[in-house]
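What you see is a predicted model, and the numbers here were worked out from it, not measured in a lab.
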Amino acid sequence: MGTLSRTTSRTLRRRLLVPVAMMSFALVAAGCNDDGSASASPSPAAHAGTTGPAQTSPQPSGPASSPPATTPSSPAAPSDSGASSGSDAAGPARCTAEGLGMSVKQGDGGAGQVYYELMFVNKSGHSCTLNGFPGVSLIQRDGAVIGAPAERDGASHGATVLAAGGTAHVVLHTLNQGIADGGCWKRGDYLRVYPPGSKEALTLRDPQIRVCGDRFTTTSVER
């Protein structure tokens, strides 16, 4: 009886251990499926990633790129079309006292006005230009100025080109004696004239010019 009881007891224990072992194996298998490490079936998230647009990680945005630096263009070279240099571009040179002759004569007057025409002649062998007002004074024999130099009358007539042998003139203006207060200046022994722009003077002896009424003016050079 004792032997049979032990045999029966061992048999019962084996029968009980089999279900327990099977349950343990089932639990281990279920645990492997839950963590996905041994799962053969793709997860829904993985399946969606293969069919949808590729998901890329956002790249960190760097500082905004500055526009490319522009190199300043060099200034355009001046055009030389139609330009010329030398005396041809500026026209004839200024007339000098050395290249000019001078004469004076009384012109028509009236109503107490007296006019003298002062004429310039180009004695040089080339063209030259007179532009503006001359400096005109009556001079005594000792070189002293009588009264005051002639004042400018009116506007400039602009540049006057004198060909070789050509002439131009100015008009000197004064008054007859007694027309205005101030009396008359003494007659000059010389008429001294500085052509426009010149530091050298022309001198005319005994010009027969008498200034009265403190009126002594000159126009600019014109043809």
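- The shortest distance between side-chain heavy atoms of Cys128 and Thr96 does not fall below 4.5 Å.
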Evaluate the side chain to side chain contact (heavy atoms under 4.5 Å, CB included) criterion for residues Asn131 and Arg94: first the C-alpha distance (whole Å), next the side-chain angles of each, then the deciding distance (0.1 Å), finally the verdict.
CA-CA 8 Å; Asn131 186 357; Arg94 176 178 54 81; over 6 Å; no
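- Criterion: ILVMFWY side-chain heavy atoms under 4.5 Å apart, direct or through other members. Under it, Leu118 and Trp185 are part of a common hydrophobic cluster.
- In this structure, Pro195 and Glu200 approach most closely via the heavy-atom pair CD-O, 3.4 Å.
- Panel note: side chain Ser137, backbone Ile139; no donor-acceptor pair is recorded below 3.5 Å.
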Output, in order, the C-alpha distance, side-chain angles, deciding distance and verdict of side chain to side chain contact (heavy atoms under 4.5 Å, CB included) for Leu202 and Leu100.
CA-CA 8 Å; Leu202 296 168; Leu100 291 173; 4.1 Å; yes
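- Taking a 6.0 Å sphere around CD of Glu222, one finds it holds more than 12 heavy atoms contributed by other residues, nucleotides or ligands.
- The distance from the OH atom of Tyr116 to the CD atom of Gln106 is 4.5 Å, given to the nearest 0.5 Å.
- Formation of a donor-acceptor pair under 3.5 Å by the Ser156 side chain with backbone atoms of Ser220 is not found in this model.
- Atoms OG1 and CZ, on Thr218 and Arg152 in that order, are 9.5 Å from each other to the nearest 0.5 Å.
- Linking Ile, Leu, Val, Met, Phe, Trp and Tyr whenever their side-chain heavy atoms come within less than 4.5 Å leaves Leu138 and Phe133 in two separate clusters.
- Qualifying side-chain contact (heavy atoms from CB on, under 4.5 Å) partners for Thr160, counting only residues two or more places apart in sequence or in other chains: Leu162, Ala168, Val221, Arg223.
- Residues passing the side-chain contact (heavy atoms from CB on, under 4.5 Å) test with Ser103 are Met119, sequence neighbours excluded.
- Distance alone, capped at 3.5 Å, is enough to place a donor-acceptor pair between the Thr129 side chain and the Pro92 backbone.
- The main-chain N or O of Ala163 is found under 3.5 Å from a side-chain atom of Asn122 such that the two form a donor-acceptor pair.
- The salt bridge (charged side-chain N to carboxylate O under 4.0 Å, His left out) search around Glu117 returns Lys105, not counting sequence neighbours.
- Side chains of Val193 and Val170 form no contact here, defined as non-hydrogen atoms less than 4.5 Å apart.
- More than 12 heavy-atom neighbours from other residues, nucleotides or ligands sit within 6.0 angstrom of CG on Asp206.
- One hydrophobic cluster holds both Tyr190 and Val145 under the rule that ILVMFWY side chains link at heavy-atom gaps under 4.5 Å.
- Counting all heavy atoms, side chain and backbone alike, Ala164 lies closest to Ser124 at CB-O, 3.5 Å.
- Under the side-chain contact (heavy atoms from CB on, under 4.5 Å) criterion, Ala144 pairs with Gln140, Asp142, not counting sequence neighbours.
- Here the side chains of Arg205 and Thr203 are not in contact, with every heavy-atom distance at 4.5 Å or above.
- For Arg141, the salt bridge (charged side-chain N to carboxylate O under 4.0 Å, His left out) partners are Asp189, not counting sequence neighbours.
- Looking at heavy atoms from C-beta onward, Val211 lies out of side-chain contact with Ile146 at the 4.5 angstrom threshold.
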Side-chain donor/acceptor pairs under 3.5 Å, residues 172-182, sequence neighbours excluded:
{"residue": "His173", "atom": "NE2", "partner": "Gln113", "partner atom": "OE1", "Å": "2.6"}
{"residue": "Thr174", "atom": "OG1", "partner": "Cys212", "partner atom": "N", "Å": "3.1"}
{"residue": "Thr174", "atom": "OG1", "partner": "Cys212", "partner atom": "O", "Å": "3.3"}
{"residue": "Thr174", "atom": "OG1", "partner": "Arg215", "partner atom": "O", "Å": "2.7"}

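- Between Val104 and Pro207, the shortest heavy-atom contact is CG1-O, 3.8 Å.
- At a threshold of 4.5 Å between side-chain heavy atoms, the hydrophobic network of Ile, Leu, Val, Met, Phe, Trp and Tyr places Phe216 and Leu204 in one connected group.
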